[in-house]
Amino acid sequence: MSDSSNKKVITVGRSSSCHIVLDNPNVSSNHAKFIIDDSTITLEDSGSTNGTFVNGEKITSKKVTKDDQIAFSRNYNFDWGKIEPYIKISKGEFTDVPGERLKTQIAREKQVINIGRTSDNDLVINNIKVSRKHAKLEKKGNDWFLEDLGSSNGTFINGKKVKKERVTQKDVITIGGVPLNLERLFTGEKIIAGDIQISTNDLTFQVKDKVIVDSIGLTIFPGEFVGLIGPSGAGKTSLMMMMNGVVRPSGGDVFINSQSLYSNFDLFKGQIGYVPQDDIIHRELKVQESFKYTGMLRLENNTEEEITTQVDSVLNTLGLEETKNTLIGSAEKKGISGGQRKRVNLGQELLTEPSVLFLDEPTSGLDPKTDLDVMYLLKGIAAKGKIVILTTHNITKDNFEILSHLIVLTKGGKLAYFGKANQAVDYFEVEKPYEIFEKLEIKEPDYWKEKFKKSSEYNQFMTSRRDSKIEHKPTEVTTKKRSTDLKQYFTLTSRYFRVKLRDRVSTAILLLQAPIIAALIALVFDQFAERTAALFILVVAAIWLGCSNAAREIVSEQAIFKRERMVNLKIPSYLFSKITVLLMLCVIQCLILAGIVAPALDMNASFLGLFILLLLTSLPALLLGLLVSSLVSTTEAAMGLIPLVLIPQVILGGLISTFITMSGFEKFLAAFMTSRWSFEALTILEYKGVYDMGVTNLGFSLDNMAVDIFIILIYSAAYFLLTAYSLKRKDVG
């Protein structure tokens, strides 16, 4: 913040990283800065989009006083009072600036200490997960009480969410994922950076008798950009996935500022970001749309204006402002470039301003220049006090100079080195970075593990960093309780609907199936004697359409689901959004089926009645398709299972082998087929009172319509619950 010992700088802009945050769309992310030199204040524009004005005149740099009228863009008039929490004016001198200690302790001067994101609080935490007015500390007698002020993400004491509780020096206070205590709050800092360190304690991962990661304990500090390398089978990905909370370790634990990650997962929600190797984004969305939907899901308690401001800030940080209205696309469907897609993928995590960012091969598939651009971008993120950890196979001298630290694993998940990245070559006694892998092959893994334990690097980067506050005891895992969220449901539904609209070819193919099937039914089954067969084919068609519509919809975005589930995605909201959009598709398909077949065959059943029964038939089929999609790992497997699901519906539906001729066991099996109940309902609708034998000759009952509909709905509910359970099983731990 300081240019020199005599100059002090206060930044102003829309970004939460600025000292004075202005939530206005006309203000740039980093709009301007006040430079304080003794009793002189100079205002400088920082290359803003809409300009900086003093007394109506656009300026680039100008000395100002409290009597001047300042505007950031012509639409936002600046309030001089916003500077007062940052600088203290006394006898013409500016004696205090945010980030430096106040001359007197807050605890001695105040009975109430307001904590929040905006600069008018006594203590400012610049993080999007912290509310404008988040909490307050109030002194009553000799005791301090912490009260949540209706914040978006809650206030916690020792991992427990509180409304108002007494707090002591020993208690750990967590606000917006930032662990604090009374001692930290009373140091007199105006702005709290919320620095976080991450530690592992004897972290082990084992599958049966095979050790994948072998008892690793290390500590990484804020501002460090750490590379994680090692030969194939060294456990790099397993270590990373345990550190970020995705995979539960066989032994040991992960600690965020001395608090167990696994015991307090909700506490650090949003503080840990994970960017997998694959670009897990909806290719049918535009760049800005993708960010906005992610923001609405992850920052659901923030206002729309705050989310828009945050999206614009991330677009600016990643250099994506010019492509914000461009479709993301893919290699097959032209959109933004591969390097830009990597940035969009990264940006999904940056929206929540995580303190620890994990990346798996973030530069794979990129050309050398784009690779370096991404690495420098990540280095800049780390320089802001964040921890950035990445796995990489791009072992070059340039990357070793960009990285601050390096973790080297050898086979069996043993730690061979942790220290300065640019000193790794000397440690392994090689000339080029990639030769480290060759050196690791020469000796057994245990040799490298013991060599590191005896090295000076071990004392410097392992022993001296060890967190004495970590409790070495088994961890109890807290379960995240997440029920349906109406706002999240609407966001997910809007996004999914837009994705389906943009995927015009696939959607058009699905819609074309209905008129083709209906036309064939009308053409082939044009005799009254063939009416029963026509009804059965309509049932099969409705089941086929519902099931095929949904079979790929979960598995095709399983990586996106897993990523969003790590933060706050609720399974009921997710499933209901799928059902809503897919049911709209089924409505159109069933309207087409009923609209063509009913008049063409001169059916007794009304168009409306036929449509409703076909739609009811497609509902459990749709949910069965989602269940299949949740159980498999590839879209090919999902489509391969669809015939196995549909063929029993055809065979046991009650026509090919008429229900009346089935054995007791066959009827028992048929009871589990929705086609049997839908076919009965459709024959009742068509024949009752007109040709009753059309129902009874099949072995069905004329009075079973209500029973048929009830059982169809029961199966729908059962498939929904099974799908939700299948998705729940994918959760961590």
Side-chain angles (χ1 to χ4, degrees), residues 172 179 195-207 210-230 233-265 268 271-272 274 355-358 387-391 403-421 423-424 427 440 445-477 732-733:
V172 178
D195 292 340
I196 276 181
Q197 72 178 40
I198 185 167
S199 304
T200 65
N201 173 33
D202 297 330
L203 209 57
T204 303
F205 188 68
Q206 188 170 341
V207 178
K210 185 178 181 181
V211 176
I212 310 297
V213 176
D214 185 13
S215 189
I216 291 179
L218 47 80
T219 298
I220 301 171
F221 291 151
E224 293 183 345
F225 184 18
V226 184
L228 174 55
I229 69 169
K236 302 183 298 294
T237 301
S238 296
L239 176 60
M240 173 177 281
M241 300 306 264
M242 288 189 290
M243 289 179 72
N244 63 29
V246 174
V247 174
R248 180 151 181 82
S250 305
D253 205 343
V254 179
F255 294 88
I256 306 292
N257 284 22
S258 307
Q259 287 188 286
S260 167
L261 170 62
Y262 287 95
S263 291
N264 303 282
F265 207 97
F268 301 111
Q271 284 289 18
I272 295 179
Y274 169 55
S355 295
V356 188
L357 185 61
F358 293 90
I387 293 174
V388 179
I389 304 172
L390 62 84
T391 61
L403 293 166
S404 67
H405 293 74
L406 192 69
I407 299 171
V408 181
L409 298 182
T410 188
K411 288 185 177 179
K414 300 180 190 300
L415 185 61
Y417 177 80
F418 175 49
K420 293 287 186 181
Q423 295 174 8
Y427 177 84
L440 290 172
D446 282 328
Y447 167 83
W448 295 109
K449 179 180 178 180
E450 293 305 316
K451 172 179 164 57
F452 180 57
K453 280 187 175 181
K454 296 172 183 176
S455 68
S456 59
E457 285 83 1
Y458 188 89
N459 292 326
Q460 183 180 356
F461 296 103
M462 301 289 287
T463 306
S464 65
R465 291 183 172 210
R466 199 159 286 151
D467 190 344
S468 60
K469 295 180 182 178
I470 290 177
E471 296 183 21
H472 295 258
K473 63 180 183 179
T475 300
E476 294 180 6
V477 182
V732 180

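Heavy atoms only: backbone and side chains are in, while hydrogens, waters and symmetry mates are out.
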- Hey, are the side chains of Ile220 and His405 touching, using non-hydrogen atoms and a 4.5 Å cut-off? no
- Item | Closest contact, heavy atoms only, Met241 versus Tyr262 | O-OH, 4.4 Å
- Item | Side chain to side chain, Lys449 and Thr410, heavy atoms closer than 4.5 Å | no
- If you measure from CD on Glu457 to CD on Gln423, what distance do you get to the nearest 0.5 Å? 7.0 Å
- Message: Quick one: does any side-chain atom of Thr204 pair with a main-chain N or O of Asp202 as donor and acceptor, under 3.5 Å?
- Response: yes
- Pairwise distance CG(Leu239) to OG1(Thr200) - rounded to 0.5 angstrom: 7.0 Å
- Message: In the structure I gave you, are the side-chain heavy atoms of Thr391 and Ile229 within less than 4.5 Å of one another anywhere?
- Response: no
- Should Phe358 and Leu390 count as side-chain neighbours, where that means a heavy-atom distance under 4.5 Å? no
- Item | Minimum heavy-atom distance Ser260-Asp253, with the two atoms named | OG-OD2, 2.7 Å
- Note on the structure: Between the CD1 atom in Ile256 and the CD1 atom in Ile198, the distance rounded to the nearest 0.5 Å is 4.0 Å
- Item | Heavy-atom pair of closest approach, residues Pro249 and Gly252 | CG-O, 3.7 Å
- side chain to side chain donor-acceptor pair (under 3.5 Å) partner of Asp214, chosen from Lys414, Lys411, Gln206: Lys414
- Note on the structure: Shortest non-hydrogen pair, Met242 vs Val254, comes out as O-CG2, 3.4 Å
- Side chains of Leu357 and Ile387: does their closest heavy-atom pair fall under 4.5 Å? no
- Task: Please list, chain by chain and in numerical order, all residues satisfying side chain to side chain donor-acceptor pair (under 3.5 Å) with Asn244, sequence neighbours excluded.
- Result: none
- Task: Measure the shortest side-chain to side-chain distance between Leu228 and Leu406 over non-hydrogen atoms and say whether it is less than 4.5 angstrom.
- Result: no
- Note, Phe452 side chain near Tyr427 side chain (heavy atom, < 4.5 Å): yes
- Item | Side chains of Leu409 and Leu415 in contact at under 4.5 Å (non-hydrogen atoms) | yes
- Query: What residues form a side chain to side chain donor-acceptor pair (under 3.5 Å) with Thr237, not counting sequence neighbours?
  - Reply: none
- Query: Counting N and O atoms only, with roles assigned by atom type, does the side chain of Ser455 sit under 3.5 Å from a partner on the main chain of Tyr458, one being a donor and the other an acceptor?
  - Reply: yes
- Task: Quick one: list whatever passes ring pair (Phe, Tyr, Trp, His ring centres under 6.0 Å) with Tyr274, sequence neighbours left out.
- Result: none
- Query: Looking at CE of Met243 and CD1 of Ile407, how far apart are the two atoms once the value is rounded to the nearest 0.5 Å?
  - Reply: 5.5 Å
- Check the pair Gln271, Ser355 against side chain to side chain donor-acceptor pair (under 3.5 Å), reporting the backbone distance first and the verdict last. CA-CA 5 Å; Gln271 284 289 18; Ser355 295; 2.6 Å; yes
- What are the two closest heavy atoms between Phe461 and Ser464, and how far apart are they? N-OG, 4.2 Å
- Item | Ser404 side-chain N/O to Phe225 backbone N/O, donor-acceptor pair under 3.5 Å | yes
- Do you know which of Val207, Ile212, Leu203 makes side chain to side chain contact (heavy atoms under 4.5 Å, CB included) with Ser238? Ile212
- Are the side chain of Glu224 and the backbone of Phe221 linked by a donor-acceptor contact shorter than 3.5 Å? yes
- Note on the structure: Heavy-atom closest pair (Phe418 atom, Thr219 atom, distance to 0.1 Å) is CE2-O, 3.6 Å
